[in-house]
Participant: 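Right, I'll just put the structure down here and ask away after.
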Amino acid sequence: MVTFCTLHAAQRFNLFENKSIDIKTVMLFGILNGVSIGFLNLSLGFNSIGFYQMTKLAIIPFTVLLETVFLKKQFSQKIKLSLFLLLVGVGIASITDLQLNFVGTILSLLAIATTCVGQILTNTIQKRLNVSSTQLLYQSAPFQAAILFVSGPLVDQFLTKQNVFAYKYSPIVLAFIILSCIISVSVNFSTFLVIGKTSPVTYQVLGHLKTCLVLAFGYTLLHDPFTDRNILGILIAIFGMGLYSYFCTQENKKKQADPLECQMKDKEDKPFLAHEKEGHEVKSSDKNSIV
C-alpha cells in the first residue's frame, strides 16, 4: 500500500503518466504476485534454509522451461552453460541441510510456479501492452496489497494461534515497519524495472548475486563462519554470472546487427498481443489486455 501511495503522489506531481490497463489483466496479475509472495514466505517457514535455497535456485530452470515452451523463446547453449555454473556455485556456497517434508515440498512447488509465471508476466505485460514498469506497478499494487491484507492475517492466525492486530506495537517496532515499507518501494520499483528492461532470468541472476553479497558481507562485517566451500561456491557463481553477462551482450549485439530478422520475429509474435479480426483489424477492447 505504501508503494501505491508513493506512486500515486508521484503521478499527481506528473512524474509519470498513468496508463490504463485492462482491469482483468491487472487484477489477475496483482493477485498472482501477492500469492507468490505468500507461498515463498510459507515455503521458508515450513522448510529448512537449505531446501528454501534449493527452491530459489529452481526458479531459473523453471523460468527457462516456461519461456521456451509457451513463449517460444530460444536460449543458446552458452547461456544455459553459464546459468548452470551460476546455480552450481550458489548451491555450493549457500545450501547446507536438505530436510524434506510433504507440506513444505508442496508449498515450494507452488512458490516456484507462481513466482515464475508472475515474473514472466511482469516482462510480457510491459512489452506487449507498451506500459512502463512504473505504470504497471501503480496499477497492480492495490490488488497485490488487497490479497495479502485478506489472506495474511488469516494464515497467521491459523499457524500461530495469534492475532496480528492484537499485538502491542511499540514505537520502535512501528519505526522499523515504516522503514521496511519505505525500502520496499525501491525494491518493488527496481524489480519491475529490471524484469521489464531485461528478462525474468536476468532478474534471477541478479538475485543470486545478492545471495553471494550477503554471504560475503556477513563474513566481513558480522564475522559469520566462512569456509573454503563458501569461497569456492561464490567464485564459481560470479564466474557464471560473468559468462552470462558476456554471452547476453554478444547475442544482443548480434540481434542489433541484423535488425531485419528482429522485425520478422516481432511480426511473428504479434498475434499474442490481441485477437485479430478478419482483415487484420485488431479489436480495440483487447488493445490493453493479454488475458
Side-chain angles (χ1 to χ4, degrees), residues 1-12 15-45 52 55-56 59 62-63 66 107-159 164-165 176-200 202-204 206-207 210 288-291:
M1 284 307 301
V2 172
T3 298
F4 171 74
C5 292
T6 302
L7 292 178
H8 184 70
Q11 191 262 332
R12 287 287 186 179
L15 296 179
F16 73 95
E17 181 182 354
N18 185 27
K19 187 174 182 180
S20 62
I21 306 174
D22 174 69
I23 188 66
K24 186 178 179 182
T25 297
V26 76
M27 182 185 297
L28 292 176
F29 172 73
I31 292 174
L32 177 65
N33 272 298
V35 169
S36 72
I37 293 172
F39 279 134
L40 281 170
N41 283 319
L42 287 171
S43 173
L44 179 58
Y52 176 71
T55 299
K56 292 177 67 177
I59 291 175
F62 270 87
T63 302
L66 289 176
L107 289 172
S108 292
L109 291 174
L110 291 172
I112 292 170
T114 53
T115 301
C116 289
V117 174
Q119 291 180 0
I120 290 172
L121 284 177
T122 301
N123 178 269
T124 304
I125 291 174
Q126 289 185 55
K127 290 184 176 178
R128 296 188 175 179
L129 300 186
N130 194 27
V131 296
S132 68
S133 56
T134 309
Q135 290 167 336
L136 179 58
L137 182 58
Y138 178 59
Q139 293 280 337
S140 62
F143 299 104
Q144 186 172 329
I147 189 66
L148 290 171
F149 185 77
V150 171
S151 62
L154 293 176
V155 175
D156 281 346
Q157 179 83 29
F158 176 75
L159 294 176
V164 68
F165 298 110
F176 275 104
I177 290 175
I178 294 171
L179 177 62
S180 176
C181 290
I182 293 173
I183 293 172
S184 73
V185 175
S186 61
V187 173
N188 289 331
F189 178 76
S190 62
T191 297
F192 277 58
L193 182 64
V194 170
I195 295 177
K197 293 294 184 182
T198 57
S199 70
T202 300
Y203 172 74
Q204 286 299 323
L206 284 174
K210 178 194 69 176
N288 289 327
S289 171
I290 65 166
V291 177

Participant: Between S36 and T114, does any side-chain donor sit less than 3.5 Å from a side-chain acceptor?
Facilitator: no

Participant: Are the side chains of F189 and L193 in touch, meaning some heavy atoms are under 4.5 Å apart?
Facilitator: yes

Participant: For D156, check side-chain hydrogen bond (donor to acceptor under 3.5 Å, both in side chains) against everything at least two apart and list the hits.
Facilitator: none

Participant: Locate the shortest heavy-atom distance separating L148 from I37; write the atom from each residue and the value.
Facilitator: CD1-CD1, 4.3 Å

Participant: So, for P200 and I120, which heavy atoms are closest and what is the spacing to 0.1 Å?
Facilitator: CG-CA, 3.7 Å

Participant: Show the nearest heavy-atom pair for residues T63 and I59, with the distance to one decimal.
Facilitator: OG1-O, 2.7 Å

Participant: Within a radius of less than 6.0 Å around CZ of F176, do more than 12 heavy atoms belonging to other residues, nucleotides or ligands occur?
Facilitator: no

Participant: Show your reasoning for whether side-chain contact (heavy atoms from CB on, under 4.5 Å) applies to L129 and K19.
Facilitator: CA-CA 10 Å; L129 300 186; K19 187 174 182 180; over 6 Å; no

Participant: Using the ring pair (Phe, Tyr, Trp, His ring centres under 6.0 Å) criterion, which residues pair with F62? Sequence neighbours excluded.
Facilitator: none

Participant: Supply the atom-to-atom distance L136 CG to T25 OG1, rounded to the nearest 0.5 angstrom.
Facilitator: 10.0 Å

Participant: To the closest 0.5 Å, what do you measure between CG (L109) and OG (S43)?
Facilitator: 9.0 Å

Participant: Once you round to the nearest 0.5 Å, how far does NZ of K56 lie from OG1 of T115?
Facilitator: 10.5 Å

Participant: What distance separates M1 CE from S184 OG, expressed to the nearest 0.5 Å?
Facilitator: 11.5 Å

Participant: Can you measure from CD (Q135) to CD1 (I125) and round to the nearest 0.5 angstrom?
Facilitator: 12.5 Å

Participant: For a quick test of reading the model, state the closest non-hydrogen atom pair linking I195 to N123 and the distance between them.
Facilitator: O-ND2, 2.7 Å

Participant: Quick one: sort the Y138 and H8 rings into parallel, tilted or perpendicular, breaks at 30° and 60°.
Facilitator: parallel

Participant: Any side-chain heavy atom of D22 within less than 4.5 Å of one from M27?
Facilitator: no

Participant: For a quick test of reading the model, state the closest non-hydrogen atom pair linking C181 to V2 and the distance between them.
Facilitator: CB-CG2, 3.7 Å

Participant: A side-chain contact here means heavy atoms from C-beta on lying under 4.5 Å apart; do I21 and F29 qualify?
Facilitator: no

Participant: Donor-acceptor check, side chain of S190 to backbone of V187, threshold 3.5 angstrom: yes or no?
Facilitator: yes

Participant: As an exercise, state the distance from SG of C116 to CD of Q204, rounded to the nearest 0.5 Å.
Facilitator: 7.0 Å

Participant: Return yes if some donor-acceptor pair links the side-chain N/O of Q126 with the main-chain N/O of T122 below 3.5 Å, else return no.
Facilitator: yes

Participant: Contact between S140 and F192 at the side-chain level, heavy atoms closer than 4.5 Å - yes or no?
Facilitator: yes

Participant: Taking it one step at a time, do N33 and Q119 satisfy side-chain hydrogen bond (donor to acceptor under 3.5 Å, both in side chains)?
Facilitator: CA-CA 8 Å; N33 272 298; Q119 291 180 0; over 6 Å; no

Participant: Can you see whether Y203 engages T198 through a side-chain donor-acceptor pair at a distance of less than 3.5 angstrom?
Facilitator: no

Participant: Considering residues at least two apart in sequence or located in another chain, which fulfil the side-chain hydrogen bond (donor to acceptor under 3.5 Å, both in side chains) criterion with S133?
Facilitator: none

Participant: Could you verify whether a donor N or O on one side chain and an acceptor N or O on the other, from T3 and T6, lie under 3.5 Å apart?
Facilitator: no

